[in-house]
Each structure stands twice: as structure tokens, then as C-alpha cells.
Amino acid sequence: MKITGKIISALALSLCLTISPIISSAESQGWYIKKNGHNRPVLPKDEEYISDYNAYYIDPTLSDTSERKVIYLTFDAGYENGNVSRILDVLKKHDVPATFFILDNIVLKNTDVVLRMTNEGHTVGNHTKNHKDMTKLTAEEMNRNLTDLEKIYTEKTGLTLSRFFRFPEGRFSEETLCTAKEMGYTTVFWSFAYADWDNSKQPDLAKAKKKILDNTHNGEIILLHPTSATNAAILDDLITEWQSMGYTFGRLQDFCGN
């Protein structure tokens, strides 16, 4: 049997490939967590396995009754439309850290904005090169998609991308979680998100702020899109309100050690 370079590369991706060489869309599921007001959302039993693959949706070291109250701000940033910079302005004003999961577009076209993220103390994570559904790729293709973004990030910024990863659209499977773990990534889902991504249908400011505050909970990993005009307009008030509620703002590294 002739061993090709492709086979060698595939074997290097570890047991994920031997378990399931093709990551099929039939195994795909979309991340969803039911809101629970000011209480921490409960992970469905059939998704508890994510912890086996170095994946988190909330800070597991905290509880509803913990004295220490922490929120983790995360943003999925595919491009810059002016609002990403506005978000950064607010974070800088309050000296609040966040994690930005990026695509190739923003680092290629707005390298200065991405460099600003790191220069101002934020973490930059991998959201894949081009926002494809990872469950429709082979493990080798998924590996290449993530490493391509790593290379682009380093070429444009001279820096190394963090080992935090978020699936595009929250679509994942057990095999893709395995691949991410084998690549050394910590997968980050979320315990709160809302419909903020459509720039042509932006939420009402007051309603959006109320929805976010009404569902604030301890250890929350909140997903926001920084291209949202609504988010850019309300973030200043949100941070002030969160602080008045006794919350501080943590880094993902604080509890997962990446």
C-alpha cells in the first residue's frame, strides 16, 4: 500500500480521524441554550459531553450563589463597519477586557483594528478563515481552515493567534469538537446571545438593553456582534449597569487556563 502525504497528514490529526474520517452534516447540531433569567442556564443532558472536549459555555467555577460575580464579554467579528471601533472605544473607556473571534476578512482589510484589540488588552480568537460550516468538512479540511487563519493573522500582525475557538453559527458535532481539541483549541460557546447580527434589522435600543440585563447571570459568556449598531450604542450603558449590579469582567483565561 502506498502511503501518500495526504494519508500521513490525516493520521497526524489523531484519533478524531480514525473515529470518523468524514464529519457529516447529518451529525451537525446548532448550539442553543435556554435563557433562565438571572439564574445560570442549564445545559441539556445530551450536550453535557462537550466538557470532554475542552469546550465551555459558562464559567464552571462559579454558581448562582457565588460572592464573586463575573461576566465574560465575547464578540464575533467578521468585518469592520465602524461599529467594531466604537465597541473598542467603550471597552477602553471602562478598561474592560473582551475576546474577539475573528475571520480572515477583518484581519486582511482592517489589520489596524485587529492590532488595536491586542494592544488594548483583549484576546483574539479563531472563528475560522471564512465562516464555513465545520460539520460539512473533513477533519483535515477543518484543520486547514483554522490553521490558514492562524497563518494570515501572524503574517499581518506578527503575533500568534490565541487557542480559543468558536464555531461559525454555533454549528458543531462531536467529531468537530474532537478535532478542535486535538488542535489544541479551547472551544467557547455562550450562555447568552440574542438576534443582533442583521444590520438591516437592528433591535430597538431599549428592548435590547432590557433583554440583555434581564438575562444577566453569574459566569455568563455573552456573545455579541460588534458590527451591530445597537450594541455599539448600548454597550456603555450596559457596562455601567452591570457594574452597578456588582459584576466584574473576566478573561476566558481566568477559568480555562488557555
Side-chain angles (χ1 to χ4, degrees), residues 29-77 87 90-91 94-101 117 121-127 162-167 169-172 177 180-181 185-197 208-226 228 231 234-258:
Q29 58 189 112
W31 179 257
Y32 173 76
I33 194 78
K34 186 177 180 181
K35 296 177 179 62
N36 198 24
H38 292 306
N39 294 316
R40 289 157 61 93
V42 178
L43 190 65
K45 287 287 184 183
D46 62 356
E47 291 183 357
E48 288 181 352
Y49 72 87
I50 69 168
S51 62
D52 295 334
Y53 297 101
N54 202 27
Y56 298 86
Y57 77 102
I58 201 167
D59 182 346
T61 69
L62 299 173
S63 70
D64 289 327
T65 58
S66 298
E67 286 188 25
R68 189 167 64 94
K69 299 171 68 176
V70 187
I71 293 171
Y72 300 89
L73 292 178
T74 70
F75 298 90
D76 288 359
I87 292 286
V90 175
L91 295 173
H94 291 274
D95 192 24
V96 166
T99 299
F100 289 85
F101 292 95
M117 293 171 185
H122 306 298
T123 299
V124 180
N126 200 324
H127 198 35
S162 80
R163 306 308 289 180
F164 290 109
F165 168 63
R166 175 166 285 157
F167 284 100
E169 299 182 356
R171 298 217 64 83
F172 70 102
L177 281 170
K181 180 182 179 181
Y185 275 101
T186 294
T187 295
V188 183
F189 291 107
W190 56 87
S191 58
F192 176 84
Y194 81 116
D196 63 347
W197 54 84
K209 188 164 70 172
K210 185 177 187 305
K211 178 177 289 187
I212 293 169
L213 292 174
D214 284 351
N215 288 282
T216 296
H217 50 272
N218 202 11
E220 174 179 8
I221 298 177
I222 183 171
L223 160 60
L224 298 171
H225 288 84
S228 161
N231 290 340
I234 67 176
L235 185 61
D236 195 346
D237 288 344
L238 282 173
I239 290 175
T240 300
E241 289 283 346
W242 279 324
Q243 290 174 330
S244 72
M245 294 165 70
Y247 284 95
T248 59
F249 300 89
R251 303 174 187 276
L252 297 176
Q253 295 91 329
D254 294 344
F255 67 85
C256 66
N258 193 316

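Quantities reported herein were computed from a predicted structural model and do not represent experimental measurements.
Side chains of H38 and D64: a donor-acceptor N/O pair is absent below 3.5 angstrom, by distance only.
Side-chain atoms of I212 and I234, non-hydrogen and from C-beta on, do get closer than 4.5 Å to each other. Looking at heavy atoms from C-beta onward, V188 lies in side-chain contact with F101 at the 4.5 angstrom threshold. At least one side-chain heavy atom of L177 sits under 4.5 Å from a side-chain heavy atom of Y49. The closest side-chain heavy-atom distance from N218 to Y247 is below 4.5 Å. Contact of the Q29 side chain with the D46 side chain is not registered, since no non-hydrogen atoms from C-beta on lie closer than 4.5 Å. Residues Y194 and L224 are in side-chain contact: their nearest non-hydrogen atoms beyond the backbone lie under 4.5 Å apart. Contact of the I87 side chain with the L235 side chain is registered, since non-hydrogen atoms from C-beta on lie closer than 4.5 Å. L91 has its side chain out of reach of P97: every pair of non-hydrogen atoms, C-beta onward, lies at least 4.5 Å apart.
Residue S63 is tested with D59, T61, T65 for a side-chain hydrogen bond (donor to acceptor under 3.5 Å, both in side chains); the sole match is T65. Here the options are H217, E220, K35, R40, the test is side-chain hydrogen bond (donor to acceptor under 3.5 Å, both in side chains), and the partner is S191; only H217 passes.
When every heavy atom of P60 is checked against every heavy atom of F255, the shortest pair comes out as CD-CD1, 3.6 Å. Contact between C256 and Y56 at its shortest, heavy atoms only, is CB-CE1, 3.6 Å. The minimum heavy-atom distance between S162 and T123, with the atom names listed, is OG-CG2, 3.6 Å. In plain terms, the two heavy atoms of A180 and F165 that are nearest each other are CB-CD2, 4.0 Å.
Residue I71 holds its CD1 atom at 9.5 Å from CD1 of I239, rounded to the nearest 0.5 Å. Interatomic distance, N215 CG to K210 NZ, rounded to the nearest 0.5 Å: 9.0 Å. Interatomic distance, F100 CZ to H127 NE2, rounded to the nearest 0.5 Å: 13.0 Å. One distance of note links CD1 of I222 with CH2 of W190; it measures 12.0 Å at 0.5 Å rounding. Residue L223 holds its CG atom at 9.5 Å from CZ of F75, rounded to the nearest 0.5 Å. H94 NE2 to L73 CG: the interatomic distance, rounded to the nearest 0.5 Å, is 11.0 Å.
Taking a 6.0 Å sphere around CG of D95, one finds it holds 12 or fewer heavy atoms contributed by other residues, nucleotides or ligands. Residue E48 places its CD atom among more than 12 non-hydrogen atoms of other residues, nucleotides or ligands, all under 6.0 Å distant. Atom NZ of K69 is surrounded by more than 12 heavy atoms from other residues, nucleotides or ligands within 6.0 Å.
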Exercise for the section: Decide side chain to side chain contact (heavy atoms under 4.5 Å, CB included) for T187 and I50; before the verdict, give the C-alpha distance in whole Å, the side-chain angles of both, and the deciding distance to 0.1 Å. Expected result: CA-CA 9 Å; T187 295; I50 69 168; over 6 Å; no

Exercise for the section: Could you go through the side chain to side chain contact (heavy atoms under 4.5 Å, CB included) check for F249 and Q243 one step at a time? Expected result: CA-CA 9 Å; F249 300 89; Q243 290 174 330; 3.8 Å; yes

Handout entry: Stepwise side chain to side chain contact (heavy atoms under 4.5 Å, CB included) test for T216 and F192
Key = CA-CA 8 Å; T216 296; F192 176 84; over 6 Å; no

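Every residue two or more places apart in sequence or in another chain was checked for a side-chain contact (heavy atoms from CB on, under 4.5 Å) with S51, and none qualifies. Remark: H122 pairs with no residue by the side-chain hydrogen bond (donor to acceptor under 3.5 Å, both in side chains) rule, at least two apart or across chains.
Put simply, the side chain of T186 never gets that close to the backbone of F164: no donor and acceptor are under 3.5 Å apart. A donor-acceptor pair under 3.5 Å is formed between the side chain of N231 and the backbone N or O of H225. The main-chain N or O of R251 is found under 3.5 Å from a side-chain atom of D254 such that the two form a donor-acceptor pair.
A parallel orientation is assigned to the rings of W31 and F189, their planes being inclined by less than 30° (bins at 30° and 60°).
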